[in-house]
Amino acid sequence: MKTHYTCLLLLCALYAHAQTPCVDGFAGPYPCENIDLLYFMQPSQFGGGTTNEVWGWVDPNSGKEYALLGKSNGVAFIDLSNPLNPVYLGTLPPHTANSTWRTLRVYNNHVFVGSEASGHGLQVFNLMQLASVTNPPVTFAESAWYNGFGRCHSLVINEATGYLYACGTNTFSGGLHIVNIQNPLAPVLAGSYSLSGYTHEAQVVMYNGPDTEHVGKEIVFCYNGNSDKLVIVNATDKTDVVKIKDVTYPLAGYPHQGWLDPTQRYLVMDDELDEYNGLVNNTRTLIWDMLDLNNPVYMGDFLAATESVDHNQYIIGNLDFQSNYTAGLRILDITNIAAASLSEVAYFDHYPYDDNPTFDGTWMNYPFFESGVIPVTDIDYGLFILKPNFIQVSEDSFTLCSNTPAVLNVSASAGFAGPINFTVEGLPAGASASFSSNGIAAPATVTLTISNLPAINATYSVTVKATGAHFHYDRKVALQVTAAQSWFADQDGDGFGSGTAVPACTLLAAHSLVGGDCDDLNNMVYPGAPGTGQNLDNNCNSAVEGPELLCADLTGDAVVNVADLLIFMSDLGCAGTCVGDFTNDNLVNTNDLLIFLAAFGNFCF
């Protein structure tokens with residue numbers, strides 16, 4: 001059982017709109033794993049009402065993603081092109097009265113809307129209108145209306161053929177009410193199926209699974225809660241829909257909804273009342289083998305750690321995205337479904353107050369956007385905009401010196417189907433990135449090394465991208481680079497160095513930022529040094545001149561001439577303190593003579 005949160009925490013959570021990554025098991029107050037919170041919208045931000053179904057649409061011209069949010073007072077349209085700042089565009093009001101139940105699906109840039117409200121019928125709305133909204137929010141009008149039924153519980157559409165299946169209507173015993181929507185603005189009754197009674201939810205496919213008898217046919221999997229059965233029908237001929245098989249299973253409470261895996265060999269299903277009625281103690285996902293549609297085999301179940309009621313689920317690749325009322329969004333890995341083995345690999349519990357088997361929390365999620373963004377409804381509290389992410393980077397902000405590589409660990413979590421290949425985007429010109437391994441299988445951790453960054457003070461936002469068999473994920477990393485400075489060895493401590501420069505961002509002992517010292521063992525010699533009158537190139541300009549010249553003036557007349565020579569010659573051979581000892585070795589000898597002769601004729605400074 002979960003920790004019960006206080007009312008104060010609830011109020012705080014409702015106002016936590018901003019992006020919040022899942023860190024150490026929480027995104028703000030919400031328990032999570034491998035799913036980040038991008039934004040939370042309260043009902044007041046999308047025109048009020050309680051929420052129910054949510055679907056999605058992508059504008060074929062702009063590529064913008066939109067959430068189509070079912071709510072008690074209509075359908076809200078939300079621009080998700082920037083999921084960190086979604087824009088509520090307006091609401092399509094219900095055709096008749098408000099209702100807790102609303103259902104919607106998309107075909108050919110039109111959304112079709114049904115409701116449990118009496119006389120509501122089927123609303124049709126042209127989604128291309130959304131691009132022209134300049135001053136939201138607006139109140140939209142339906143583009144067409146179909147009155148072949150009044151109320152309905154759910155809709156499914158075969159986009160490949162242009163047929164809509166309305167389930168749980170007030171027609172055909174609540175069975176399939178089939179509508180031709182190939183012209184979205186002129187829906188026409190095409191057929192029905194009522195022999196199996198009320199259908200609560202359904203999935204329709206152009207069958208391409210392992211049962212060769214039915215390949216190429218339009219097959220509908222019907223979840224008939226009132227009779228505790230999964231019913232499979234062939235609806236290729238809309239005027240003569242034929243039942244293939246109906247089956248039940250142990251501890252059936254209310255068969256609610258389900259989804260085929262990509263191979264169409266296996267099917268997962270939820271039961272809406274088995275937890276609620278105490279038939280099972282934990283959230284149960286039923287697993288079926290559909291090798292033979294005439295003889296489906298119940299393989300077993302997956303029992304979650306939670307007690308909540310499961311409601312709607314959709315499979316993409318190896319992942320099953322479940323909306324499980326009080327347990328929130330749950331993601332299962334179905335890689336081992338052939339062995340009737342599923343595992344939970346991610347979750348976001350936006351109803352953290354309890355896991356009780358009640359009808360609170362999430363109604364539905366829409367996981368089909370290419371961006372990976374998933375809008376998830378919370379019946380009472382609003383719309384959560386989430387994004388799964390199965391990779392983690394050891395640091396989201398890294399400070400470094402330009403001469404030092406950034407070394408980061410990148411982890412891929414279980415559930416991320418491989419092979420997984422990593423890349424980095426957003427590097428400055430000249431920089432490079434390498435991974436210790438690529439083409440890996442999760443779970444695994446690799447080392448990312450980014451090097452050769454420009455020697456300037458700058459911050460770079462780079463993106464670590466991981467692409468697997470079915471999904472791709474990314475993480476942003478801020479590289480805060482300090483430009484490395486060139487340091488030169490300064491052995492004589494005169495503030496000037498020499499030799500090969502050593503790059504570093506911090507002070508190096510016995511080094512200087514200024515090079516060019518032509519004699520780093522003499523602290524009187526460095527660029528710009530004053531002359532010492534010792535015949536040394538003190539200022540390192542490759543010439544001995546001016547004050548650097550030796551002053552061999554022994555007579556004090558500021559010029560080295562014959563008079564000085566006579567004095568020097570008289571001192572030649574002297575040992576000890578001698579005026580002619582220019583080499584300071586206490587001897588006046590040939591070495592001193594050579595120095596004197598080099599200075600002969602010069603003026604002293």
Side-chain angles (χ1 to χ4, degrees), residues 398-407 428-432 449-460 479-554 556-560 564 568 576-605:
F398 195 90
T399 301
L400 70 158
C401 186
S402 62
N403 72 306
T404 305
V407 180
S432 61
T449 303
I450 299 175
S451 53
N452 301 320
L453 291 160
I456 59 174
N457 295 327
T459 298
Y460 303 101
L479 298 179
Q480 301 177 23
V481 181
T482 300
Q485 296 175 292
S486 296
W487 296 85
F488 301 88
D490 181 12
Q491 300 181 67
D492 57 15
D494 60 9
F496 294 83
S498 64
T500 303
V502 177
C505 288
T506 56
L507 174 65
L508 296 181
H511 282 71
S512 171
L513 287 172
V514 183
D517 195 332
C518 53
D519 183 356
D520 203 33
L521 297 178
N522 186 339
N523 63 7
M524 302 303 291
V525 177
Y526 51 86
T532 59
Q534 295 175 311
N535 268 10
L536 295 176
D537 181 14
N538 293 99
N539 62 8
C540 295
N541 69 347
S542 300
V544 178
E545 55 191 5
E548 298 172 332
L549 294 169
L550 176 69
C551 185
D553 175 22
L554 302 179
D557 59 359
V559 64
V560 181
D564 300 293
F568 176 79
T577 304
C578 309
V579 295
D581 181 13
F582 301 125
T583 57
N584 296 317
D585 59 356
N586 293 321
L587 290 173
V588 178
N589 54 24
T590 304
N591 293 330
D592 301 293
L593 176 60
L594 293 175
I595 294 173
F596 179 84
L597 293 175
F600 191 79
N602 293 333
F603 290 91
C604 291
F605 291 84

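Scope of the values below: all heavy atoms of this structure, side chains included, with no hydrogens, waters or symmetry mates.
Going from atom CD of Gln491 over to atom CG of Asp519 covers 10.0 Å, rounded to the nearest 0.5 Å. To the nearest 0.5 Å, atoms SG (Cys505) and CG (Asn457) are separated by 8.0 Å. Rounded to the nearest 0.5 angstrom, Leu508 CG and Asp490 CG are separated by 12.0 Å. Here the straight-line distance linking atom CD1 of Ile595 with atom OG1 of Thr590 works out to 11.5 Å at 0.5 Å rounding. Within the model, atoms CE of Met524 and OG1 of Thr532 stand 6.0 Å from one another, a figure rounded to the nearest 0.5 Å. Taking OG1 of Thr399 as the start and CG of Leu479 as the end, the distance is 9.0 Å to the nearest 0.5 Å.
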- request: Show the numbers, then the answer: is there a side-chain contact (heavy atoms from CB on, under 4.5 Å) between Asp564 and Asp557?
  value: CA-CA 9 Å; Asp564 300 293; Asp557 59 359; 4.2 Å; yes
Residues Asp517, Asp492; criterion side-chain contact (heavy atoms from CB on, under 4.5 Å); working and verdict: CA-CA 10 Å; Asp517 195 332; Asp492 57 15; 3.6 Å; yes
query: Passes side-chain contact (heavy atoms from CB on, under 4.5 Å), Val525 versus Phe496? Steps please.
result: CA-CA 9 Å; Val525 177; Phe496 294 83; over 6 Å; no
query: Asp520 and Asp494: side-chain contact (heavy atoms from CB on, under 4.5 Å), yes or no, with the steps?
result: CA-CA 8 Å; Asp520 203 33; Asp494 60 9; 4.3 Å; yes
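Between Ser512 and Gly495, the closest heavy-atom pair is OG-O, 2.7 Å. Nearest heavy atoms, Pro454 versus Val481: O-CG1, 4.0 Å. When all heavy atoms of Trp487 and Leu513 are compared, the closest pair comes out as CE2-CD2, 3.4 Å. Closest of all the heavy-atom pairs between Cys540 and Pro527 is SG-N, 4.1 Å. Closest of all the heavy-atom pairs between Ser402 and Ala484 is OG-N, 2.8 Å. Across Asp592 and Gly580, no two heavy atoms sit closer than the pair CB-O, 3.3 Å.
Side-chain contact between Leu400 and Leu453 is present, with heavy atoms from C-beta onward closer than 4.5 Å. Contact check for Val407 versus Phe398: no side-chain heavy atoms found under the 4.5 Å cut-off.
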